[in-house]
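Written out below as structure tokens is the structure these notes cover.
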Amino acid sequence: MPRLIDPGDGAPIGLDDLVVALDRADFDTRDEDSFAALGPLLARLGRNRSFLADLAIDELKTRCEGQHKGAAYGAQVFLLRPPNGRYVLRANFWPARSDPVTRASGPAAFFYDMPHDHNFPFLTYGYLGPGYWSDYFEYDAQALDGIPGEDARLRFVERARLEPGRLMLYRMRRDVHVQLPPDSFSVSLNILGADPAQPWIEQYRFDIARGVIVEGLTATGAEALIAIATHLGNGLDLAMELARSHPCGRMRVTALTALASALPDEAEAILGYAAGDPSRYVAEHARARLAALEAAGLAP
């Protein structure tokens, strides 16, 4: 499960104080102990019982202008500061299952009941309310190829709650959780570790009952652009090159999918070649698409 961290007993600080401390800190997002050492700073902000309400009032006065400018999240997230390339500060809202917003939007809007990991580490602190529940699992991402249907070898740890004042570190591509609604409305505070490689690091959704990977959740703007360029522009040569040599297997699969769709008469040959790719991730995706073509009667 996520690593429990001693929150310490430091006095409350303001958001500006936290930002100054983080900007001065020499931490490494990829080093668990280095990143965990920031936790007590987040806890000190969490002991400030008025800062979040003050920020919310200021945003309401400007029709949430700051949130619209800097946030790439939905309404569940309140961005405390725009991302700066090293970290992201945010507050997350967690309605109860019986709350009107959950009934209206459905639990999926708040990522409830969806088993997943993360492709970044983050610190979290129980700020308000009883805290959301989670079923916690662990797995070894390095031992997997990341193919849908692959046995993830999940190890159940426990069901626990992010109680008020609790401080935890969610470890990148190690901790898997199924978030469950809190007993009543709750808020958590986060420091997310940023990494330039993050868009190319996989995040997964899992099927807990079967213990397998269902799908990858990571996508980049470049993947959408290559699909558009292949279908609507002169992007076939570029897609061919990406399918052969891009260092990220997910991008190679995206380029292959675009080529097979744009060139249906050549799809079997394209996918057949990719089925021999040295990357099992690429090869298995190509074989699955070939099988789908055959099942649909589209392969010669």
Side-chain angles (χ1 to χ4, degrees), residues 2-3 5 7 13-46 51-52 55 59 64 66-94 110-111 114 116-127 134 139 141-142 146 162 167-177 179 187-205 216-225 246-251:
R3 174 175 166 179
I5 299 173
I13 59 175
L15 180 58
D16 289 341
D17 299 318
L18 175 62
V19 169
V20 168
L22 292 177
D23 288 345
R24 290 176 177 172
D26 182 18
F27 65 89
D28 183 352
T29 298
R30 301 185 185 188
D31 183 305
E32 182 178 320
D33 289 337
S34 174
F35 192 65
L38 304 176
L41 288 171
L42 182 64
R44 292 182 66 187
L45 177 68
F51 90 95
L52 187 57
L55 284 176
E59 284 289 336
C64 299
Q67 296 299 303
H68 293 317
K69 284 182 177 179
Y73 299 101
Q76 182 186 14
V77 172
F78 189 104
L79 197 64
L80 303 179
R81 279 289 192 277
N84 66 359
R86 296 182 72 214
Y87 60 85
V88 178
L89 296 176
R90 71 184 188 186
N92 278 19
F93 306 132
W94 305 102
F110 304 97
F111 299 96
M114 187 184 84
H116 64 284
D117 67 346
H118 297 273
N119 60 354
F120 54 87
F122 70 96
L123 293 154
T124 189
Y125 180 84
Y127 182 70
S134 280
Y139 85 119
Q142 300 302 319
L162 183 64
L167 178 65
M168 298 194 299
L169 169 64
Y170 280 75
R171 299 163 296 180
M172 178 176 73
R173 306 191 75 213
R174 182 172 172 184
D175 293 313
V176 173
H177 68 149
Q179 283 179 290
V187 179
S188 61
L189 304 179
N190 295 158
I191 301 176
L192 281 60
D195 190 313
Q198 183 180 323
W200 304 106
I201 300 173
E202 292 292 350
Q203 178 185 16
Y204 300 121
R205 181 168 69 88
L217 298 174
T218 314
T220 66
E223 291 170 82
L225 291 176
H246 197 278
C248 177
R250 193 179 75 245
M251 177 56 103

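Only this structure's heavy atoms are used, side chains among them; waters, hydrogens and symmetry mates stay out.
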Would you compute the distance between atom [atom1] of [X] and atom [atom2] of [Y] and round it to the nearest 0.5 angstrom?
X	Y	atom1	atom2	value
Asp117	Arg171	CG	CZ	12.0 Å
Leu42	Leu89	CG	CG	8.0 Å
Glu223	Thr220	CD	OG1	3.5 Å
Ile13	Leu18	CD1	CG	5.0 Å
His177	Met168	NE2	CE	8.5 Å
Leu55	Phe78	CG	CZ	5.0 Å

Is there side-chain contact between [X] and [Y], with at least one heavy-atom pair below 4.5 Å?
X	Y	answer
Leu79	Val88	yes
Arg173	Tyr139	yes
Phe35	Ile191	yes
Leu45	Asp17	no
Phe51	Leu80	yes
His116	Gln179	yes

Which atom of [X] lies closest to which atom of [Y], heavy atoms considered:
X	Y	result
Leu167	Ala43	CD2-CB, 4.5 Å
Thr124	Ser188	OG1-CB, 3.7 Å
Ala37	Pro40	O-CD, 3.4 Å
Ser134	Tyr170	OG-OH, 4.2 Å
Trp200	Ala222	CH2-CB, 4.5 Å

Notebook entry, point to check: Should we say atom CZ of Phe120 is surrounded by more than 12 heavy atoms from elsewhere, each under 6.0 Å from it?
Noted result: yes
Between [X] and [Y] (side chain of the first, backbone of the second, donor and acceptor by atom type, cut-off under 3.5 Å), is there such a pair?
X	Y	result
Thr218	Gln203	yes
Asn190	Arg90	no
His246	Cys248	yes
Arg205	Leu217	no
Asn119	Gln198	yes
Gln76	Asn92	no

Which atom pairs, donor and acceptor, lie under 3.5 Å between side-chain atoms of residues 21-28 and protein residues at least two apart or in another chain?
unit_1: Asp23; atom_1: OD1; unit_2: Tyr87; atom_2: OH; d: 2.7
unit_1: Asp28; atom_1: OD1; unit_2: Arg30; atom_2: N; d: 2.9

Next item on the list: Decide side chain to side chain contact (heavy atoms under 4.5 Å, CB included) for Met172 and Thr29; before the verdict, give the C-alpha distance in whole Å, the side-chain angles of both, and the deciding distance to 0.1 Å.
Entry: CA-CA 10 Å; Met172 178 176 73; Thr29 298; over 6 Å; no
